[in-house]
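Written out below as structure tokens is the structure these notes cover.
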Amino acid sequence: MSNNNSTGSDNPNVENGTGPAPARASHFIRDIIQQDLEQGKHGGTIVTRFPPEPNAYLHLGHAKAICINYGLAEDFGGRYHLRFDDTNPTKEEQKYIDAMRVDIHWLGFDWGDHEYYASDYFEQLYNWAVELIEAGKAYVDDQTPEEIRETRGTLKTPGTESPYRNRPVEENLDLFARMKAGEFPNGSRVLRARIDMTSPNLNMRDPVMYRVLHEKHPRTGEAWCIYPMYDYAHGQSDAIEGITHSLCSLEFEDHRPLYDWFLNNIPSIPHKPRQIEFARLNLAHAMMSKRKLLQLVNEGVVDGWDDPRLTTLSGMRRRGYTATAIRRFCEVIGVTKTNSLTEFALLEHTVREDLNKTSARVMAVLNPLKVVIENYPEGQVEHMEAVNNPEDASAGTRQVPFSRTVYIERDDFTEDPPKKWFRLAPGREVRLRAAYWVTCTDVIKDDDGNVVELRCTYDPETKGGNNPPDGRKVKGTLHWVSAEHAVPAEVRSYDHLFTSVYPDDVTDEQKAEGLDWKVNVNPDSLTVNGNAMVEPSLADAEPGTRLQFERIGYFCVDTKFTMPDKLVFNRTATLRDTWAKQAKKG
RNA sequence: UGGCCCGUGGUGUAAUCGGCAACACACCAGGUUUUGGUCCUGGCGUUCCUGGUUCGAGUCCAGGCGGGCCAGCCA
């Protein structure tokens, strides 16, 4: 897991993966790298990087990019860098840098000493810009932003050259130096590459390399008042770091000719990386746009960047997702250039797959219904032995107290059972997991006819939930908690944050009404249940602990709302529920 | 009559040189089970269209059709 050439620190934030390393799926980028290595390019090694702009929190789409970049470097014994692309001080903040470092470590990657910042390269970038000016391949443009936009042309018509395009080299050098010296206000002048205003690729129509921005930078402070644009900074940063394969998403395809142009035209460039693009992740019912995520957070639609409904890494972590599950997900979705929409079910599958193997089983009743076992001695308490994880014998067993009054799930009882109903009903017998078999003898209702309590009898010969000697069978097994031992808890359940698979889908009618993508926010995405009762072994559960509530789903102790005297659980995912499917069909 | 990219089951992907379309998810039907979980078995396809080359095309060629991205001094 640790980066080659790194310090190999045992970072406490790195969560150990569980299952065996899955076989690596082949894909076109892996093939390219394999081929390059076989042909002896790059001295037989590869160097990749993950280059986030620190202006938001990392989300599942970033996890895909991280797994591709870092995973490939690991697989081929190469090296990987973390580079913060901090070229726009108006948007970037230190808090995002800090959060990103935590998230990437949590995912299980250690970049060691290879943490870099585009701002580290400002001096070198500036010097190369001067080289370009000297070569007659860059010039200072005095046009206003509006004029630059107008003369760029359109998708179908060529642009026109700036009147400043043929300025003498000396004048460009002087003006660029004075831009750097702070003589000019924001927006007054830019440095442009001198390429081709008639190119069908708009990125090649004399792209802006530097703009004047009198802005304090989180790292360089007031040292600079001109800042390089992405297109100029990115490829050259790759070159400086010796990146061999610069992997990015599809929308940069059109930028590749420009990426290559800088590399090929800067006289003293030390190294030429290769940019390769892949499709970014689209996940149904989820928001993967940093800008819109920021909006959801700022407008209070969600409870911060780590809201468990968000597919931010911090949100998913708080929700109970494991790094193993996320990395496995990134493996199974593959790497292609095809625009696609991945079903949420695939994500749920990978988290269940991991949690099934690793999480301890406990009993929790979300919606309690009181059951009095009339033939069980009053005041008696038995400690029943329960298996912690049937998938993992080493997880051992625990004692769960049983008494005369227990709570069962309200959904596990019905007065008029449908076909194939295995649960409790008047006169029916079921197994209380790890305890006894009980038979419902009476139903007690309030004045409005609501069932408020059940009366049952138990069979002492079924202790531990075992089959009785008479050979009786029972189909249903229910979870339960002893009323006097139960610990109250709050349980927060989540549904998709967006009702439509594409959160951006807005009808023309909605647009006409002035509505935007936020109409798709699901008003029922959060359900807070304050009535849950959990078994006493959970009383002191540590925040972050992941558990399976038997027959219900995977939950974790919330790290934000849990207090010493208040347990709060987040539902990570439900268990698959074939009965619910069957019942729905009728 | 702008450029670039992409089309394989419901979904995500695979298919060496042109050689029986494979895997996972989802769904459906069964089996096992002290979780209606897990696990096991089985079912589910005109490779966007048309034409061409070929003994043979998802793969090569031509022409269509459909989808995505690009006109920030954002990344």
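Naming: A, B, ... by sequence-line order, numbering from 1 per chain.
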Report yes if at least one side-chain N or O of A/Thr338 is closer than 4.0 Å to OP1 or OP2 of B/rG68; otherwise report no. no
Would A/Lys180 and A/Tyr126 count as a cation-pi pair here, with the cationic atom under 6.0 angstrom from the ring centre and within 45° of the axis? yes
Would you classify A/Leu155 as touching base, sugar-phosphate or nothing, given that sugar-phosphate means primed atoms plus P, OP1 and OP2, and contacts are heavy atoms under 4.0 Å? base
Sugar-phosphate only, base, or nothing, as touched by A/His255 at under 4.0 Å among non-hydrogen atoms: base
Between A/Asp85 and A/Leu250, who's closer to the 5' end of RNA chain B by nearest nucleotide? A/Leu250
So A/Phe252, base contact, sugar-phosphate only, or nothing? Heavy-atom distance under 4.0 Å. base
Do the side-chain N or O atoms of A/Arg211 get closer than 4.0 angstrom to the phosphate oxygens (OP1, OP2) of B/rC74? yes
Salt bridge (charged side-chain N to carboxylate O under 4.0 Å, His left out) evaluation trace for A/Glu409 with A/Arg423: CA-CA 10 Å; A/Glu409 206 68 65; A/Arg423 283 114 98 141; over 6 Å; no
Residues two or more places apart in sequence or in another chain: which of them pass ring-ring contact (aromatic ring centres under 6.0 Å, His included) with A/His479? none
Which one is paired to B/rC4, where only Watson-Crick or G-U wobble pairs with both distances under 3.5 angstrom count? B/rG68
Measure CD/A/Glu251 against P/B/rA71 and give the value in whole Å, please. 11 Å
For the pair A/Arg83 and A/Asp238, evaluate salt bridge (charged side-chain N to carboxylate O under 4.0 Å, His left out) and give the outcome as yes or no after the intermediate values. CA-CA 9 Å; A/Arg83 180 170 74 235; A/Asp238 286 344; 2.6 Å; yes
Distance, rounded to the nearest Å, where A/Asn339 contributes CG and B/rG12 contributes P: 10 Å
Let's see if you can work this out: which of B/rC73, B/rG12, B/rC70 has an atom nearest to the side-chain heavy atoms of A/Leu341? B/rG12
Atom-to-atom span, NZ of A/Lys292 to P of B/rC74 - whole angstrom: 20 Å
Classify A/Thr198 by what it touches in the nucleic acid, base, sugar-phosphate, or nothing, heavy-atom distance under 4.0 Å. nothing
Nearest to the side chain of A/Leu202, which nucleotide is it out of B/rC70, B/rC73, B/rA75? B/rC70
A/Ile66 side, atom CD1; A/Cys330 side, atom SG - distance, nearest 0.5 Å: 8.5 Å
Using whole Å, what does the distance between atom P of nucleotide B/rA75 and atom CD of A/Glu277 come to? 18 Å
What contact category does A/Val208 fall into here, base, sugar-phosphate, or nothing, at under 4.0 angstrom with non-hydrogen atoms? sugar-phosphate
What contact category does A/Thr87 fall into here, base, sugar-phosphate, or nothing, at under 4.0 angstrom with non-hydrogen atoms? sugar-phosphate
Could you identify the nucleotide paired to B/rC60, looking across every strand shown and requiring Watson-Crick or G-U wobble geometry with both distances under 3.5 Å? B/rG52
So what does A/Ile148 hit on the nucleic acid, given a heavy-atom distance under 4.0 Å: a base, only sugar-phosphate, or nothing? base
Length of the line joining A/Phe344:CZ and B/rA26:C1', which is rounded to integer Å: 15 Å
In Watson-Crick or G-U wobble terms, both distances under 3.5 Å, what is the partner of B/rC39? B/rG31
Relative to the ring of A/Phe344, is the ring of A/His496 parallel (under 30°), tilted (30 to 60°) or perpendicular (over 60°)? perpendicular
Looking at A/Thr336, I'd like to know whether one of its side-chain N or O atoms comes within less than 4.0 Å of OP1 or OP2 on B/rG12. no
Base-pairing mate for B/rA24 - Watson-Crick or G-U, with both contacts under 3.5 Å: B/rU11
Tell me: CD of A/Glu253 to P of B/rC6, nearest whole Å? 7 Å
The side chain of A/Lys91 lies closest to which of these nucleotides: B/rG3, B/rG2, B/rC74? B/rC74
When A/Asp31 and A/Thr90 are each assigned the nearest nucleotide of RNA chain B, the 5'-most assignment goes to A/Asp31
Regarding B/rG9, purine or pyrimidine glycosidic angle vs 90° from 0 gives anti
How is A/Glu343 classified with respect to the nucleic acid when contacts are heavy atoms under 4.0 Å: base, sugar-phosphate, or nothing? base
Give, for atom OG of A/Ser162 and atom CG of A/Asp206, the distance between the pair rounded to the nearest 0.5 Å. 8.0 Å
Compare side-chain N and O positions of A/Arg280 against OP1 and OP2 of B/rC69 and report whether any pair is under 4.0 Å apart. no
Any chance you could lay out the ring pair (Phe, Tyr, Trp, His ring centres under 6.0 Å) test for A/Tyr259 and A/His255, step after step, and finish with the verdict? CA-CA 6 Å; A/Tyr259 183 97; A/His255 294 244; over 10 Å; no
Which whole-number value in Å describes the distance from A/Lys584 NZ to B/rC27 C1'? 13 Å
What string of B, S and - do you get for nucleotides 31-41 of chain B 5' to 3' if you count protein non-hydrogen atoms under 4.0 Å? ---BBBBB---
Tell me whether the guanidinium CZ or amine NZ of A/Arg189 lies under 6.0 angstrom from the six-membered ring centre of A/Phe184 and within 45° of its axis. yes
May I ask you to say what A/Asn88 touches in the nucleic acid, namely base, sugar-phosphate or nothing, with a heavy-atom cut-off under 4.0 Å? sugar-phosphate
